[in-house]
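Let me begin by presenting the structure, written as structure tokens, before commenting on it.
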Amino acid sequence: MLCRDDVVWALEFIRKKMAEQDSRLKELTQPRLLKNFESFAEVSMMLVHRRSAFDQEADRIKSCLKEASYGLFGNEPPSERDSSPAND
């Protein structure tokens, strides 16, 4: 189950890593960093504007958090993972 406090914690973790200029992020391209930021901003805005629909948006929030944290854990974004031939 996804709770609001966990999402806020994840956003704070991502924000902190970006502010510290984590060395793993320096390997990412500018378009990828922009995608990270877009996903980070989307989750943030969901928290601000959709308080009553938070539970209904859990899958979307999880997906955006995965995109926003791309590069921090050596992971690949869900969009690339889902389209790989191994998943067909």
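Sequence positions, counted from 1, serve as the residue numbers for this chain.
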From Met45 CE over to Cys64 SG, what is the distance, rounded to the nearest 0.5 angstrom? 13.0 Å

Shortest non-hydrogen separation from Ser44 to Leu11 and the atoms involved: OG-CD1, 3.8 Å

So do the side chains of Phe40 and Arg15 get within less than 4.5 Å of each other, counting heavy atoms only? yes

Minimum heavy-atom separation for Lys17 to Leu72, with atom names? CB-CD2, 3.6 Å

Just so I know, are the side chains of Met46 and Arg60 near enough to count as touching, which here means a heavy-atom distance under 4.5 Å? yes

Nearest 0.5 angstrom please: Leu2 CG to Leu65 CG, how far? 7.5 Å

Provide the closest heavy-atom pair for Leu28 versus Gly71 in the form atom of the first, atom of the second, distance. CD1-CA, 4.2 Å

Donor-acceptor pair, Thr29 side chain versus Arg32 backbone, under 3.5 Å? yes

d(Met18 CE, Leu25 CG) to nearest 0.5 Å is 5.5 Å

Quick check for you: to the nearest 0.5 Å, what is the distance between Ile14 atom CD1 and Glu12 atom CD? 10.0 Å

Nearest atoms (heavy-atom pairs only) where Ser39 meets Ala68: CB-N, 3.7 Å

For Glu20, does the CD atom sit with more than 12 other heavy atoms under 6.0 Å from it, leaving out its own atoms? yes

Is there a path of hydrophobic side-chain contacts, each under 4.5 Å between heavy atoms of I/L/V/M/F/W/Y residues, joining Phe37 to Phe13? no

